[in-house]
Amino acid sequence: MLFLDLSKMLEEIEKEPSRLKMMTLASQILDKTNKKEVDVLIYLLLGQFGATYKEIDFGIAEKTIISALSKATGIDKEKINKELRKLGDLGLVGEQIISSKVQKSLFSKKLIVAEVYSSFEKLAKMGGKGSIADKTNILVQMINNANPIEAKYIIRIAQKNMRLGLANSTIIDSLSLKFLKDYKESNLEEFEKLKEDYGEDVERYLRYKFKEKIESKYNIYPDLGGIAKKLFEKGSNGLRDIGITPFVPVMPALAERLPSIGKIIEKLGKSIVEPKFDGFRLQCHYDGKEVKLFTRNLEDMSEIFPDAVETIKKSVKKYPIIFECEAIGYNEKEDKYYPFQVTMKRKRKYDIPGVSKQIPLRLVVFDIMYLKGSLIDKPLLERKQILENAMTPNKNLIFPENIYTDDVPRIQKFFERVLSEGNEGIMLKDPNAIYTAGARKFAWVKYKKSYSSRAKDTLDLLVMGYFSGKGQRSKFGIGALLVGSYNEKENRYESIAKLGSGLTEENLESLQKALSEIKETEKPKEYVSGINPHVWVRPKYVVEVLYDEITKSPTHLCAKDEMGGLALRFPRLIKIRSDKNKVQTSTTKEVLELFKSQ
DNA sequence: ACTGTCTGCCCC
DNA sequence: ATTCTGC
DNA sequence: GCAGAATGGGCAGACAGT
């Protein structure tokens, strides 16, 4: 397939707001391809390279692409940056620049989809001294051979962000639609018979059936390209032999959120309540010999946590097995867990043995998906029982404490105790629910302090500047704010966070109006900040900000004299406090006290 | 040999 | 991670 | 309510540049 033809079809999808129509358009692309290249096509649609669980990194992103674009077109980087801030997408910038440079070299050759893909594969493999220049050159070559539309999508592929408004779920829809059409063509008699039973809804019914089937396979074999290929090769039979397999990761179940314990119990009834630990999630596979560990995003971390591997080999008695745990750095001397920032240090390539010793991992095992066969369709209570019989706990591998109840005050007490022990919050689980692989369902609900509508953990912070936005936000010229606290002693404002979550279009519109009138060309002298926003503004506006935690920061400078810098974890806008002025900003002293009281 | 910048379907 | 928006 | 797309702090690693 010509890359130009694909690009034109992608543009159709991009313009289309209705997901049903996107599905139809995507299935038309599938109609034009074959079993040889369908996997590559699916990966390109998703803006991903290879199966979800073994994706390839490019090692290039915005800055390198800007260099390439500059080198390919002769336009200087500053100009490109300016355009980027205006348009909010490098792909659009590339498209615009190429289209304004009318004359295209006579020698430019037509791009082929498979060749574009393999160029990126080649680029991904490069490393070492001079490799950034080499990668840049590959991009330059592709851009030089590209039409404006092609350039747009090449750049977006490089960023792994296609901006089509279509992702996994709609691709699965389009596969099921394609599948339905094929089925109709080859089983016309059977189809007519079904039509007698189901009437005009027969197509929707069948498509939904196909979708469910593909989705359930995807959730235990997270490779849409591979699945599409099997479908193209053998039709629905191609999926028959896909089952949960040790060493192929399962899509993790996700938790919903609700604003109070009462509401959760209303929804779930009597629940299993466990602490929510602040480490990272690990999916563990073991066949009696080898152990493989996958993160929440299905990255293979087996080499990185040798102590966890040993723990599993020592404790797990039954296999082949797939189970799930939270891995947290554990301070043996003081018998408590390290904060997340410390556990994060374990995610490394070098000095693994040294840091393993310094920050040993404890595995808190909470679910099981496989033991000599799939368990994901069994209810949680049954899975828990199987899990506890499959391994022997010890100091490095434990089962979480839990209560089984619908008594809200009792859960509240449990919640508060668990918080005081340094956990993030609690998880409430429906004892009868299956393992909802790949889905955020009300089988599990998480509850943290910051979800409560009564949460008073907000700060009133000064807007010090703003950053231009990407995509939808670029039309407002604002993507995030730089906010800070007031240091009374030094009479200055100190940055504590960037704030980009929680901003509605209404917020953005009013901020755009208000901030445009107080722009400063230079950083105001009463500001202290380690990072520079695209635009500084005079001290004037105050915003109310919710957060989960105050952490020591290497980038923000709140309380820099006392602590070297503090920042907010998960900051989000609650409201613009137009009733407050800059004098009413929360002070650095208050922030320090809150930090110490955590 | 050191430092600063950029990157990561990073981890959360 | 949290949050908003169009469907 | 789903699916998608905005956005956060902070860590180690990989290069580029000096």
Side-chain angles (χ1 to χ4, degrees), chain A residues 17-22 43 46-64 66-67 88 127-133 135 159-170 172-173 222 256-257 278-282 295-299 301 304 326-327 339-351 355 424 439-442 446 448 450-451 467 469-474 476 478-481 483 496-508 531 545-556 565-574:
Chain A
S18 150
R19 222 178 303 128
L20 279 171
K21 286 185 187 150
M22 276 190 239
Y43 296 141
L46 290 169
Q48 104 183 8
F49 258 69
T52 314
Y53 63 95
K54 44 186 175 189
E55 226 203 319
I56 304 170
D57 288 344
F58 294 152
I60 56 165
E62 190 172 287
K63 307 292 172 187
T64 315
I66 289 174
S67 308
K129 219 173 157 77
S131 63
I132 299 285
K135 290 181 187 189
Q159 294 195 300
K160 296 206 182 165
N161 183 357
M162 297 299 277
R163 297 182 179 278
L164 300 175
L166 151 156
N168 273 344
S169 191
T170 313
I172 292 177
D173 273 328
E256 269 296 347
R257 328 167 9 168
D278 197 5
F280 35 74
R281 204 167 160 177
L282 279 187
T295 64
R296 199 198 109 127
N297 293 319
L298 310 184
E299 292 270 312
M301 293 278 168
I304 294 179
E326 189 82 4
F340 181 72
Q341 271 168 302
V342 174
T343 301
M344 267 282 274
K345 292 178 198 282
R346 286 298 312 270
K347 190 177 163 285
R348 57 169 54 242
K349 191 171 166 187
Y350 301 110
D351 193 23
V355 182
E424 269 195 290
R440 202 177 284 282
K441 284 275 164 61
F442 282 96
K446 57 180 160 177
K448 299 207 241 175
S450 63
Y451 298 168
F467 300 83
K470 301 274 168 68
Q472 283 299 95
R473 291 211 180 158
S474 58
F476 302 102
I478 299 174
L481 306 172
V483 295
I496 190 170
K498 275 166 80 180
L499 183 63
S501 189
L503 284 74
T504 62
E505 297 201 335
E506 197 190 335
N507 291 152
L508 288 162
I531 50 177
V545 179
L546 177 65
Y547 61 94
D548 272 24
E549 194 184 2
I550 299 170
T551 58
K552 285 186 107 175
S553 170
T555 40
H556 292 290
L566 293 176
L568 305 181
R569 190 180 188 195
F570 310 143
R572 54 257 204 203
L573 177 70
I574 295 302

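Heavy atoms only: backbone and side chains are in, while hydrogens, waters and symmetry mates are out. Just so we're on the same page: letters track the sequence lines, and every chain starts at 1.
For the atom pair OG1 (A:Thr295) and OH (A:Tyr53), the distance works out to 14.5 Å, reported to the nearest 0.5 Å. Once rounded to the nearest 0.5 Å, the distance linking CZ of A:Arg473 with CG of A:Leu503 reads 5.0 Å. For the atom pair OG1 of A:Thr52 and CG of A:Asn168, the computed distance is 6.0 Å after rounding to the nearest 0.5 Å. Atoms OG1 and CD1, from A:Thr555 and A:Ile496 in turn, are 11.0 Å apart once rounded to the nearest 0.5 Å. Remark: A:His556 NE2 to A:Ile531 CD1 distance equals 4.5 Å, nearest 0.5 Å.
Contacts of A:Ile60 with the nucleic acid, taken as non-hydrogen atoms under 4.0 Å apart, involve only primed sugar atoms and P, OP1 or OP2. When heavy atoms are screened at a 4.0 angstrom cut-off, A:Met301 is found touching the sugar-phosphate backbone but no base atom. Among the protein residues, A:Leu164 comes within range of the sugar-phosphate backbone only, with heavy atoms under 4.0 Å from sugar or phosphate atoms but none that close to a base.
Between the P atom of B:dT5 and the CD1 atom of A:Ile531 lies a distance of 13 Å, rounded to the nearest Å. Look at NZ on A:Lys441: it is 10 Å from C1' on D:dC2, rounded to the nearest Å. Distance, A:Ile66 CD1 to B:dT5 C1': 13 Å, rounded to whole Å. With rounding to whole Å, A:Ile56 atom CD1 is found 13 Å from B:dG8 atom P. Whole-Å rounding puts the A:Tyr547 OH to B:dC12 P distance at 23 Å. The distance between atom CG of A:Asn161 and atom P of B:dT7, rounded to the nearest whole Å, is 14 Å. Atom CD in A:Glu299 sits about 11 Å away from atom P in B:dC12, given to the nearest Å. Remark: P of D:dG4 and CD of A:Gln48 are 12 Å apart, rounded to the nearest angstrom.
Counting only Watson-Crick and G-U wobble pairs whose two distances sit under 3.5 Å, DNA chain D takes part in these stems of three or more pairs: B:1-8 with D:11-18, B:10-12 with D:8-10, C:1-7 with D:1-7.
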Contact letters for nucleotides 11-17 of chain D, in which S counts primed atoms plus P, OP1 and OP2 and B counts the base, heavy atoms under 4.0 Å:
SSSSSS-
How does protein contact run along nucleotides 2-7 of chain C, one letter per nucleotide 5' to 3', with B for base contact, S for sugar-phosphate only, - for none, heavy atoms under 4.0 Å?
BSSSBS
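By the 4.0 Å N-to-carboxylate-O rule, A:Asp548 lies close enough to A:Arg572 to be salt-bridged with it.
Side-chain atoms of A:Asp173 and A:Thr170 form no donor-acceptor pair, as typed in the model, at a separation below 3.5 Å. Judged purely by distance below 3.5 Å, without hydrogens or angles, the side chains of A:Arg19 and A:Ser169 never pair a donor atom with an acceptor atom.
Candidate nucleotides B:dC11, B:dT7, D:dT7 were compared by shortest atom distance to the side chain of A:Lys470, and D:dT7 ranks first.
Between D:dA3 and A:Asn168, no contact under 4.0 Å exists linking OP1 or OP2 to a side-chain N or O. Phosphate contact (OP1/OP2 of D:dG10, side-chain N/O of A:Thr551, threshold under 4.0 Å): present. A sub-4.0 Å separation between OP1 or OP2 of D:dG9 and a side-chain N or O of A:Thr555 is absent. For A:Thr170 and D:dA3, the shortest distance from a side-chain N or O to OP1 or OP2 is not below 4.0 Å.
A distance of about 49 Å separates the P atoms of C:dG6 and B:dT3, rounded to the whole Å. Using P as the reference atom, B:dT7 and D:dT7 are 16 Å apart when rounded to the nearest Å.
Shown here is A:Gln159, whose CD atom has more than 12 heavy atoms of other residues, nucleotides or ligands within 6.0 Å.
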List the steps and the verdict of side-chain contact (heavy atoms from CB on, under 4.5 Å) for A:Met301 and A:Glu299.
CA-CA 6 Å; A:Met301 293 278 168; A:Glu299 292 270 312; 4.1 Å; yes
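Residues passing the ring pair (Phe, Tyr, Trp, His ring centres under 6.0 Å) test with A:Phe49, sequence neighbours excluded: A:Phe58, A:Tyr117, A:Phe120. Partners of A:Ser474 according to the side-chain contact (heavy atoms from CB on, under 4.5 Å) rule, which considers only residues two or more places apart in sequence or in another chain, do not exist here. Residues that satisfy the side-chain hydrogen bond (donor to acceptor under 3.5 Å, both in side chains) test with A:Glu424, not counting sequence neighbours, are A:Lys276, A:Lys448.
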